[in-house]
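Remarks on the structure that follows.
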Protein chains: 2
Amino acid sequence: MAKLQKSIDKRNALVKATIELVNNNGFHATPMSKIAKMANVSPATIYLYFENKQDLVNQTYIDVKAEYTNYAFADFNPNMPIEEGFEMIWKRIADFKLKECEHAMFLAQCDNTPMIDEESRQEGIKHLQPLLDLWERGKKEGVIKPLSDYILYAYAINPLSFLMMTQKRGAFTLNKTHLEEAYQSAWSSIKMCK
Amino acid sequence: MAKLQKSIDKRNALVKATIELVNNNGFHATPMSKIAKMANVSPATIYLYFENKQDLVNQTYIDVKAEYTNYAFADFNPNMPIEEGFEMIWKRIADFKLKECEHAMFLAQCDNTPMIDEESRQEGIKHLQPLLDLWERGKKEGVIKPLSDYILYAYAINPLSFLMMTQKRGAFTLNKTHLEEAYQSAWSSIKMCK
DNA sequence: ACGGCAAAAATGAACGTTCATTCTTTTTTT
DNA sequence: AAAAAAAGAATGAACGTTCATTTTTGCCGT
């Protein structure tokens, strides 16, 4: 195997182990030694790929955030009609949160905790721009309520995080019907009433 | 001062310090020694009031959760009309999340992290029953959409957590108008359409 | 009202452990 | 065989918790 690929594999294994351990035990209870063990690597090797523990968790956050937004916008193009574009993005996000729920959970933990440096948090936010642009256009066309982006996000997207979390805790399971209901709630909370 | 009151004061100081330090630094970076210092107490004294660090954070969670729900339901009575009751609870919750945002932030961190024992988490959920009862009644009367409680919560209540968090990060500030818009979004996402 | 005393509460220092990180040596690659 | 990558053992600091003492409290007979 090529040298470069081996390096990439090792880095990925470390990121993967970080996600899994932080999800299950929390940041406070995931020592570098455990991360190393789960990635089949010596603790010292981590420091060839990352500066320190903080850097490891920051980079893991940015990696996962990029994966999330790539997934969300994969089939989207900025010229779609507003409602169609929103539905596509919403459903991709829902898909991601349910299929890659380990990753979504990790993001939820990072986003509600001071465990990520502010700089990395900002870096992560940037990738969401296409959705904000869509909303901007929607407001101009009179299709989307003229609300702050934060309020739109709070009502249209964020509920999915809560549902993902609840499902992960085993309290209930989202089926196709739930998801359609949730989408309707999301859309009706941001669309202009006629 | 009475002996009992002194004990209560000391316990409260410890809980308060825990909230503040965990909010600012995260659980992983708040040692018992710092909690003790902030509460003006010796580290050893903590162990007269709490079994260990885990017990301290569990009890802090339950305390704050109880305060939250007491606040939310303070003026509510179960015989109110559905919409009036919901508006009252919603606005009290919004009030709490904005005025006591340190406490709300602490809850958000606990709820997205494995830092609280499952048992204490369950304990905290119980207090929400009056809202679930109101929704139950609303569904029977055909005023509230017949959705799972989790979906109702996701769309009607949880967005407030996101807005509180965003505001706390300084990204934007919620004013009276925003709040009224948010309430309308919340209500319209759960009310039966006519 | 008060001095003295036993119990309770509180303390600071100490303990053993665990952790993030580094150092030295070994293994792998080119 | 030189250079790069990886390893395991070592290091020093920091942590949660406990221990031996000291301080405070509440109560008693006077």
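In what follows, every chain begins at residue 1, and chains take the letters A, B, ... in the order their sequences are listed. Remember, it's a predicted structure, so these values are computed and weren't measured experimentally.
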(request) Output all residues satisfying side chain to side chain donor-acceptor pair (under 3.5 Å) with A:Lys91, sequence neighbours left out; order by chain, then residue number. (result) A:Glu87, A:Glu180
(request) Under the side-chain contact (heavy atoms from CB on, under 4.5 Å) rule, collect the residues that match up with A:Ala72, sequence neighbours excluded. (result) A:Ile93
(request) Starting at atom CG of A:Asp9, determine the distance to atom P of D:dA5, rounded to an integer number of angstrom. (result) 15 Å
(request) Sequence neighbours left out, what passes side chain to side chain donor-acceptor pair (under 3.5 Å) with B:Lys53? Give chain and number order. (result) none
(request) Would you work out how much the helix from C:dA1-D:dT30 to C:dT30-D:dA1 bends between its ends, with each end axis defined by five base pairs, to 10 degrees? (result) 10°
(message) Run the salt bridge (charged side-chain N to carboxylate O under 4.0 Å, His left out) test on B:Asp9 and B:Lys16 for me, step by step, so that the C-alpha distance in whole Å, both residues' side-chain angles and the decisive distance to 0.1 Å come before the verdict.
(response) CA-CA 10 Å; B:Asp9 287 350; B:Lys16 186 162 185 283; over 6 Å; no
(request) Take the protein atom CD1 of B:Ile35 and the nucleotide atom C1' of D:dT17, then report the distance between them rounded to whole Å. (result) 13 Å
(message) Could you list the cluster mates of A:Met164? Members are the ILVMFWY residues connected by side-chain heavy atoms closer than 4.5 Å, either directly or through other members.
(response) A:Met105, A:Met165
(request) Starting from C1' on C:dA10, measure out to NZ on B:Lys37 and report it in whole angstrom. (result) 17 Å
(message) Expected output is a numbered-order residue list: members of residues 18-27 of chain B with a heavy atom under 4.0 Å from any atom of DNA chain C. What is it?
(response) none
(request) Run the numbers on A:Tyr155 and B:Tyr155 for ring-ring contact (aromatic ring centres under 6.0 Å, His included), then give the verdict. (result) CA-CA 6 Å; A:Tyr155 280 91; B:Tyr155 279 91; 7.9 Å; no
(request) Can you tell me the distance, in whole Å, between the CG atom of B:Asp55 and the P atom of D:dT17? (result) 10 Å
(message) In this structure, how many angstroms lie between the P atom of D:dA7 and the OH atom of A:Tyr49, rounded?
(response) 9 Å
May I have the list of side-chain donor-acceptor pairs in residues 34-41 of chain A shorter than 3.5 Å, sequence neighbours left out?
none

(message) For the backbone of B:Ile116 and the side chain of B:Ser120, can you confirm whether one donor and one acceptor N or O come within less than 3.5 Å of each other?
(response) no
(message) Applying side chain to side chain donor-acceptor pair (under 3.5 Å), can you list everything that pairs with A:Asn23, at least two apart in sequence or on another chain?
(response) A:Glu102
(request) May I ask you to establish whether A:Arg92 and A:Phe76 are in a cation-pi arrangement, using a distance under 6.0 Å from NZ or CZ to the six-membered ring centre and at most 45° from the ring axis? (result) no
(request) Could you identify which residues of residues 40-47 of chain B place a heavy atom less than 4.0 Å from some atom of DNA chain D, listed by residue number, or say none? (result) B:Ala44, B:Tyr47
(message) Using whole Å, what does the distance between atom P of nucleotide C:dG16 and atom CG of B:Asn52 come to?
(response) 20 Å
(message) Output the rounded distance in Å from NE2 (A:His28) to P (C:dC19).
(response) 11 Å
If you restrict it to nitrogen or oxygen atoms, what contacts under 3.5 Å exist between nucleotides 10-15 of chain D and the protein, and what is each distance?
none

(message) Looking at B:Ala156, is its backbone amide N or carbonyl O close enough to the side chain of B:Trp90 to form a donor-acceptor pair, meaning the two atoms are under 3.5 Å apart?
(response) yes
(request) Give the rounded distance in Å between these two atoms: CZ of A:Phe50 and P of C:dA20. (result) 15 Å
(request) List for me each residue that meets side-chain contact (heavy atoms from CB on, under 4.5 Å) alongside B:His178, sequence neighbours excluded, and say none if there are none. (result) A:Ser148, A:Ile151, B:Phe172, B:Leu174, B:Asn175, B:Glu181
(request) Using side chain to side chain donor-acceptor pair (under 3.5 Å) as the criterion, list what pairs up with A:Asp133, not counting sequence neighbours. (result) A:Gln129
